[in-house]
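Reviewing the structure listed below.
Positions are given from 1 along the sequence. Scope of the values below: all heavy atoms of this structure, side chains included, with no hydrogens, waters or symmetry mates.
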Amino acid sequence: MTIFFSKRIAFLDEITINQIAAGEVVENSASVIKELIENSLDAQATEIFIEIRGEGRGLIRITDNGEGIHPEDLLLSIARNATSKIRLVDDLNQLMSLGFRGEALAAIASVSKIEILTSAEKGGKGFLLKAEGARVEQVVPAARTQGTTVEVNSLFFNVPARRKFQKTPQAEYGEIHKILTQFALCYPEVKFEFTREGRRIFSLEKGEPLKERISHLLGAEYAQGMVPLEQKEGGLILKGFISKPSLHWPNRKGQYAFINGRIISSPYLSQLVLQGYGTRLSSHRYPLYVIHLQLPPAWIDPNVHPQKKEIRLREQQALSSFILKAVEKTLSPSLPPSFALPDLPPYVESSLCEPSLPFTPTHSFTREEELSFLPKKRGEVLAFWNRYVLLRDAEGIRVIDVPSARVRIAAEKRGRVCSQNLLLPLQIECHAQEQAHLLSSLTLLEEEGMVIRHFGGDSFLVEAIPSFMKREEVTDFLRLFLAEEETGEKSKRLFRAYVRAFKKGVSSIDEGELLVETLFATQDPDWTPEGKRIHFLLTEKDFARGFL
């Protein structure tokens, strides 16, 4: 077929094509690091050193001791759709390597200034390639022990529009630390060393037991709450750790799954593990895990996402049975119970809202005068059930959703809230990915009535909490807040965390009555700030209809 040139439809030049590909593959600094580490692992590296400056926008340097790149392949390494990983389309059904599309280095080179120093020999002979915006500037001999160093400078220097849409530096660092944590957990046999702005963040030795690596990266509290998981069946192998039923979070952020050495995000797998816990966990609670799953290569299709973040799983019925059996066996009655002291209720030592000078009353109030200052009693609390309170008032039976009521109360108390100091400070552990976020938010949290002090290392002490919050809700609230992306207004992210943390009902009639009186003293007791109904009325006629 003859192709005619048109004024309306034109062939794109190579640079534009590369930058479009970069838009799919190179989302941010973390995605660059992910692609480069995958190349190092495919090259059989056992030691990988990562260095960043300017949260990766200024410099990303990945150094490994892998097989290196042969001189005749160096120019092809930054050519688009050139790969050593596959030859035919059928190879996609039997993938054993992490990279296979041949787009990573080409895409990175098109939006940065890149240097590749590599040697495929043990004698110290190597070559250095320099390119800017995918244009090769030079290839020269250079000294290098076997392995490869890729240095990426000035990421997105030639696509300023992309720079405008990058996240905040703190959020960028969080993404980088997250991906490095995932790789380190996925490959405990590999040494990983991470340096930021010249300061070493972590150095993990190769061959480290997985549980020790979990403790280094995710904290001792996380590691101590885990039990080993192991199951083999035919060509299926499952290994790793899952949390005891006593350790659970309000979200899935503590879940790490790896399939055939790939970092994956799989709601399907998460749901399977949760199902294996049965009734051991209440609703809206999620187990923690670090699991490695080996499947026949034909069972997975990693070619469904430009950044290979998701995979398609085949043979799901057999896989479901295998994973459920493994989790249920691990959590069987043979597992010794975990005993823990219940959380103590908040104890008010002092209030940040109390006057600092002693107060001497100048007038004695009568009992009637004192009662006039309290909210008028709305009605009688008849019962409480799960997250609901049943209130009888003059109009009928009112059903109140407790979490929604607490959201309304919190919304009106914020900004003028009193803190209650805890007699026993609550200690929490944050892994490195969360620490920077928490440290940058301490002032904001204090304005909300929550006083937190860095105790050293991974530990923080919560010394005071808002008066509308329960002690047992603090850890969940902080987990939810720290899991929020650092985009948008912090106050809105705080409030979203409050909404998700308030899941429980009341535990007594007295507590229900206090909640009711406080709710109906607010400006709008009928609706949450998001427009969700807080309560509804059941009249005598409504009850009568149920017997028709």
(request) Cation-pi check, R196 to Y173: give yes when NZ or CZ is under 6.0 Å from the six-membered ring centre and within 45° of the ring axis, no otherwise. (result) yes

(request) Measure the shortest side-chain to side-chain distance between I201 and R199 over non-hydrogen atoms and say whether it is less than 4.5 angstrom. (result) yes

(message) Within this structure, what is the CD1-CD1 distance for the pair I291 and I323, rounded to the nearest 0.5 Å?
(response) 6.0 Å

(request) Would you please test D526 and I534 for side-chain contact (heavy atoms from CB on, under 4.5 Å) and show each step? (result) CA-CA 5 Å; D526 301 330; I534 297 174; 6.0 Å; no

(request) Say whether, by atom type as modelled, one donor and one acceptor occur between the side chain of N260 and the main chain of L295 under 3.5 angstrom. (result) yes

(message) Ignoring hydrogens and geometry beyond distance, is a side-chain donor-acceptor pair present between T522 and R408 at under 3.5 Å?
(response) no

(request) Compare every heavy atom of A326 with every heavy atom of L238, then report the nearest pair and how far apart it is. (result) CD2-CB, 3.7 Å

(request) Would you indicate whether the side-chain heavy atoms of I52 and S29 approach each other to under 4.5 Å? (result) no

(request) Assess whether salt bridge (Lys or Arg N to Asp or Glu O under 4.0 Å) is satisfied between E328 and K325, documenting all intermediate values. (result) CA-CA 5 Å; E328 289 170 354; K325 189 187 303 180; over 6 Å; no

(message) How long is the straight-line distance from CG of L269 back to CG of L293, given to the nearest 0.5 Å?
(response) 6.5 Å

(request) Determine the minimum heavy-atom distance between P466 and M450, stating which atoms define it. (result) CD-CE, 4.0 Å

(message) Using a 3.5 Å distance criterion without hydrogens, assess whether the side chain of R213 forms a donor-acceptor pair with backbone atoms of Y187.
(response) yes

(message) Please check: side-chain N/O of E463 versus main-chain N/O of L422, any donor-acceptor pairing under 3.5 Å?
(response) no

(message) Working to the nearest 0.5 angstrom, can you tell me the gap between S321 OG and L272 CG?
(response) 10.0 Å

(request) Under the salt bridge (Lys or Arg N to Asp or Glu O under 4.0 Å) rule, what do D401 and R387 come out as? Steps first, then yes or no, please. (result) CA-CA 6 Å; D401 181 64; R387 57 184 285 167; 2.7 Å; yes

(message) Side chains of T195 and E51 only: does a donor on one sit below 3.5 Å from an acceptor on the other?
(response) no

(message) Side chains of I242 and L331, heavy atoms from C-beta outward: is any pair under 4.5 Å?
(response) yes

(message) Quick one, S459 and I428 - any side-chain contact, counting heavy atoms below 4.5 Å?
(response) no

(request) Answer yes or no: is there a side-chain heavy-atom contact under 4.5 Å between L218 and Y256? (result) yes

(message) Before you tell me yes or no, could you show the steps for I397 and L537 under side-chain contact (heavy atoms from CB on, under 4.5 Å), namely the whole-Å CA-CA distance, both residues' side-chain angles and the distance that decides it to 0.1 Å?
(response) CA-CA 6 Å; I397 302 296; L537 181 68; 5.9 Å; no

(message) Measuring only between side-chain heavy atoms, which start at C-beta, is Y388 closer than 4.5 Å to P403?
(response) no

(request) Measure from the side-chain N and O atoms of H292 to the backbone N and O of L185, and report whether any donor-acceptor pair falls under 3.5 Å. (result) yes

(request) Show your working on salt bridge (Lys or Arg N to Asp or Glu O under 4.0 Å) between E473 and R406 and close with a plain yes or no. (result) CA-CA 12 Å; E473 293 169 333; R406 296 188 63 210; 2.4 Å; yes

(request) Would you mind reporting whether M469 and F477 have side-chain heavy atoms less than 4.5 Å apart? (result) yes

(message) Angle between ring planes, F194 versus H177, binned at 30° and 60°: parallel, tilted or perpendicular?
(response) perpendicular

(request) Compare every heavy atom of L519 with every heavy atom of A405, then report the nearest pair and how far apart it is. (result) CB-CD2, 4.0 Å

(message) Checking the side chain of D542 only, and the main-chain atoms of T539 only, is there a donor and an acceptor separated by less than 3.5 Å?
(response) yes

(request) Write down the atom of L438, the atom of C430, and the distance for their closest heavy-atom approach. (result) CD2-SG, 3.9 Å

(message) With a 4.5 Å cut-off on side-chain heavy atoms, are L288 and F241 touching?
(response) no

(request) Please step through side-chain contact (heavy atoms from CB on, under 4.5 Å) for the pair L382 and L391, ending with a clear verdict. (result) CA-CA 6 Å; L382 299 176; L391 173 74; over 6 Å; no

(request) Taking all non-hydrogen atoms of both residues into account, name the closest pair between N421 and A464 and its distance. (result) OD1-CB, 3.3 Å

(message) Checking the side chain of S441 only, and the main-chain atoms of L444 only, is there a donor and an acceptor separated by less than 3.5 Å?
(response) no

(request) Might you work through the salt bridge (Lys or Arg N to Asp or Glu O under 4.0 Å) test for K470 and E511, ending with a clear yes or no? (result) CA-CA 12 Å; K470 300 177 182 179; E511 188 181 350; 2.9 Å; yes

(request) Kindly give the heavy-atom pair with the smallest separation between I264 and S266, and that separation in Å. (result) CD1-CB, 3.5 Å

(request) Please confirm whether the backbone N or O of P287 pairs with a side-chain atom of Q255, one donor and one acceptor, at under 3.5 Å? (result) yes

(message) As an exercise, state the distance from CZ of R533 to CD1 of I400, rounded to the nearest 0.5 Å.
(response) 13.0 Å

(message) Working to the nearest 0.5 angstrom, can you tell me the gap between Y277 OH and K244 NZ?
(response) 11.0 Å

(message) Keeping Y289 on the side-chain end and G254 on the backbone end, is there a donor-acceptor pair under 3.5 Å?
(response) no

(message) Between L478 and L445, does the side-chain contact (heavy atoms from CB on, under 4.5 Å) criterion hold? Intermediate values first, please.
(response) CA-CA 10 Å; L478 288 173; L445 290 168; 4.3 Å; yes

(message) Donor-acceptor check, side chain of D476 to backbone of R479, threshold 3.5 angstrom: yes or no?
(response) no

(message) If you count every heavy atom of other residues, nucleotides or ligands that lies below 6.0 Å from K239 atom NZ, does the total exceed 12?
(response) no

(message) Students often mix this up, so state it plainly: with edges at 30° and 60°, are the rings of H535 and F520 parallel, tilted or perpendicular?
(response) tilted

(request) Please assess Q435 against H454 for the test side-chain hydrogen bond (donor to acceptor under 3.5 Å, both in side chains), listing each intermediate value before the final yes or no. (result) CA-CA 9 Å; Q435 284 180 33; H454 192 193; 4.6 Å; no

(request) Find the distance between OH (Y286) and CG (L281) and round it off to the nearest 0.5 Å. (result) 10.5 Å

(request) Please answer whether the main-chain N or O of H248 pairs with a side-chain N or O of R285 as donor and acceptor at a distance below 3.5 Å. (result) yes

(request) Can you establish whether the number of heavy atoms outside F455 located under 6.0 Å from its atom CZ is more than 12? (result) no

